[in-house]
Amino acid sequence: MLHGGVLSPISIPSAASSSSSSSLFLRRLNPSLLKPKRGAALCKIFAMAASSDDPVREWILSEGKATKITGISSIGGGCINLANRYDTDAGPFFVKTNRSIGPSMFEGEALGLSAMYATKSIRVPKPFKVGPLPRGGSYVIMEFIEFGPSRGNQSVLGRQLAEMHKAGKSDKGFGFDVNNTIGSTPQINTWTSDWVEFFAEHRLGYQLKLALEQYGDSSIYEKGQKLMKNLRPLFEDVVVEPCLLHGDLWSGNVHSDKNGDPVILDPACFYGHSEAEFGMSWCAGFGGSFYSSYFEVMPKQPGFENRRDLYMLYHYLNHYNLFGSGYRSSAMSIIDDYLRILKA
């Protein structure tokens with residue numbers, strides 16, 4: 001998701017420019033509304049009708065404390081959603097919309113952002129409102145963060161991420177209050193007391209089932225199922241506590257604000273093993289200073305290196321299901337390596 005970049009303002013239509021069509025609409029509705037003495041009422045009714053058709057504008061001009069919207073600028077949004085910056089006299093807002101998916105996807109994102117925001121450890125956009133669009137689809141309104149020119153200091157990012165993991169704890173076990181999405185793939189977050197069981201069933205198992213259903217890939221499914229049943233030796237002498245995870249931490253979701261402080265966004269949050277956060281490290285660009293700072297706050301656990309590829313496997317499988325066979329060999333290679341190491 002993009003927050004920054006070069007913006008091309010789009011002008012907001014004035015009330016005057018639409019007076020002709022509104023008069024025709026209201027004449028058909030109730031001719032008496034066009035009498036001069038009803039002028040004030042006419043303006044009020046038309047404004048209410050317009051805002052009810054645009055819940056984003058309605059929220060910004062009420063709960064958002066703005067009195068006017070001065071510009072709307074498209075700023076991309078990736079391959080799943082559209083994204084816009086709304087400039088107002090109360091400051092800018094960031095709005096994502098999706099015309100084909102209901103509010104549940106954005107609700108999951110907003111709950112994740114709220115949970116991370118509450119840890120007061122690393123900067124994330126504060127979510128304000130999620131809702132349905134009148135003609136189908138959904139929207140989310142959140143804080144607009146002006147990005148800086150770089151991704152920020154890796155050492156600071158590592159330390160703040162570890163502080164989030166340390167602060168974000170759950171007494172419900174592993175999972176999250178709602179299911180959400182990893183990319184556009186559903187991510188099942190049913191609360192589970194045992195981490196190995198959770199990761200095997202709701203992470204690896206779900207992706208393997210998708211691969212079987214989508215591609216008929218019985219080979220990767222059967223080998224993956226065998227791995228799922230033999231994971232416990234990888235967690236010997238390790239105490240796994242539920243930590244709040246961003247869940248999809250790759251380079252496109254890591255930025256810095258204009259002060260150079262790290263910003264993370266577009267989460268797929270759940271409470272899980274802290275090491276699972278590094279599952280996207282193959283396309284995150286984390287350097288030595290990042291890991292050094294992270295482990296100063298969250299000490300490295302025994303067998304960390306032996307589990308790194310396991311957590312990458314989940315994301316390779318997801319990429320296989322999302323983008324096709326280019327990721328299959330990486331996923332299969334990891335599965336084969338673990339079956340050999342575990343003698344399964």
Side-chain angles (χ1 to χ4, degrees), residues 111-124 151-177 180 182 187 189 191-200 202-204 231-251 253-257 260-315:
L111 286 171
L113 288 170
S114 294
M116 294 192 296
Y117 188 89
T119 67
K120 300 180 180 180
S121 54
I122 189 167
R123 190 169 187 189
V124 301
R151 291 180 61 210
N153 187 299
Q154 289 245 328
S155 179
V156 176
L157 173 63
R159 176 176 54 79
Q160 291 185 350
L161 184 67
E163 289 171 349
M164 186 185 84
H165 290 170
K166 193 171 184 178
K169 299 297 183 182
S170 167
D171 58 5
K172 298 179 182 179
F174 302 96
F176 202 55
D177 284 331
N180 48 28
I182 180 79
Q187 185 167 255
N189 294 316
W191 290 109
T192 308
S193 60
D194 181 85
W195 168 248
V196 175
E197 178 185 337
F198 176 88
F199 186 74
H202 299 308
R203 293 298 178 261
L204 298 185
L231 293 177
R232 291 203 180 275
L234 296 171
F235 294 87
E236 289 180 357
D237 302 320
V238 177
V239 177
V240 182
E241 296 182 353
C243 297
L244 178 63
L245 307 182
H246 174 281
D248 192 15
L249 204 61
W250 68 289
S251 59
N253 291 340
V254 179
H255 299 272
S256 66
D257 63 19
D261 294 323
V263 178
I264 58 176
L265 39 84
D266 270 2
C269 285
F270 65 100
Y271 290 89
H273 189 194
S274 58
E275 295 173 7
E277 192 76 282
F278 308 129
M280 282 290 286
S281 60
W282 49 279
C283 59
F286 298 143
S289 62
F290 168 86
Y291 288 106
S292 296
S293 295
Y294 180 89
F295 289 130
E296 287 178 4
V297 179
M298 293 283 288
K300 185 186 293 187
Q301 296 176 304
F304 169 79
E305 286 78 9
N306 295 332
R307 292 183 294 272
R308 290 189 69 168
D309 285 355
L310 180 68
Y311 292 132
M312 291 183 190
L313 174 59
Y314 170 58
H315 294 279

Going through the distances and angles, do Phe278 and Tyr311 end up as a side-chain contact (heavy atoms from CB on, under 4.5 Å)? CA-CA 7 Å; Phe278 308 129; Tyr311 292 132; over 6 Å; no

Any heavy-atom pair between the side chains of [Y] and [X] that's under 4.5 Å?
{"X": "Arg308", "Y": "Ser281", "value": "yes"}
{"X": "Ile264", "Y": "Val124", "value": "yes"}
{"X": "Val238", "Y": "Arg307", "value": "yes"}
{"X": "Leu234", "Y": "Val196", "value": "no"}
{"X": "Glu277", "Y": "Cys243", "value": "no"}
{"X": "Phe199", "Y": "Val240", "value": "no"}
{"X": "Met298", "Y": "Met164", "value": "no"}
{"X": "His273", "Y": "Phe235", "value": "yes"}

Kindly indicate, with the supporting measurements, whether the criterion side-chain contact (heavy atoms from CB on, under 4.5 Å) is fulfilled by Ile122 and Glu163. CA-CA 8 Å; Ile122 189 167; Glu163 289 171 349; over 6 Å; no

Looking at [X] and [Y], what are the two nearest heavy atoms and their distance?
{"X": "Arg232", "Y": "Asp194", "result": "NH2-OD2, 2.8 Å"}
{"X": "Phe290", "Y": "Leu161", "result": "CZ-CD2, 3.8 Å"}
{"X": "Cys269", "Y": "Asn189", "result": "O-ND2, 4.1 Å"}
{"X": "His246", "Y": "Asp266", "result": "CE1-O, 3.5 Å"}
{"X": "Ala162", "Y": "Val297", "result": "CB-CB, 3.5 Å"}
{"X": "Trp191", "Y": "Gly173", "result": "CZ3-O, 3.3 Å"}

Out of curiosity, [X] [atom1] to [Y] [atom2], how far, rounded to the nearest 0.5 Å?
{"X": "Phe176", "Y": "Leu245", "atom1": "CZ", "atom2": "CG", "value": "10.5 Å"}
{"X": "Phe286", "Y": "Leu249", "atom1": "CZ", "atom2": "CG", "value": "4.0 Å"}
{"X": "Leu265", "Y": "Met116", "atom1": "CG", "atom2": "CE", "value": "8.0 Å"}
{"X": "Leu310", "Y": "Glu275", "atom1": "CG", "atom2": "CD", "value": "9.5 Å"}
{"X": "Arg159", "Y": "Ser121", "atom1": "CZ", "atom2": "OG", "value": "10.0 Å"}

Determine yes or no for a side-chain-to-main-chain donor-acceptor pair under 3.5 angstrom, with [X] supplying the side chain and [Y] the backbone.
{"X": "Glu197", "Y": "Thr192", "value": "no"}
{"X": "Asp257", "Y": "Val263", "value": "no"}
{"X": "Asp237", "Y": "Pro302", "value": "no"}
{"X": "Gln154", "Y": "Gly288", "value": "no"}

Under the criterion side-chain contact (heavy atoms from CB on, under 4.5 Å), I'd like the reasoning laid out for Gln187 against Arg203: C-alpha separation, chi angles, the key distance, then a yes or no. CA-CA 8 Å; Gln187 185 167 255; Arg203 293 298 178 261; 3.4 Å; yes

[X]: partners by ring-ring contact (aromatic ring centres under 6.0 Å, His included), with sequence neighbours left out:
{"X": "His165", "value": "Tyr294"}
{"X": "Trp250", "value": "none"}
{"X": "Phe304", "value": "Phe295"}

Which of these, Pro262, Ser251, Ser256, sits in a side chain to side chain contact (heavy atoms under 4.5 Å, CB included) with Arg151?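 Among Pro262, Ser251, Ser256, the one that satisfies the side chain to side chain contact (heavy atoms under 4.5 Å, CB included) with Arg151 is Ser251.
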
Test salt bridge (Lys or Arg N to Asp or Glu O under 4.0 Å) on Lys166 and Glu241; report intermediate values, then the result. CA-CA 10 Å; Lys166 193 171 184 178; Glu241 296 182 353; over 6 Å; no

Steps toward side-chain contact (heavy atoms from CB on, under 4.5 Å) verdict (Phe174, His202): CA-CA 10 Å; Phe174 302 96; His202 299 308; over 6 Å; no

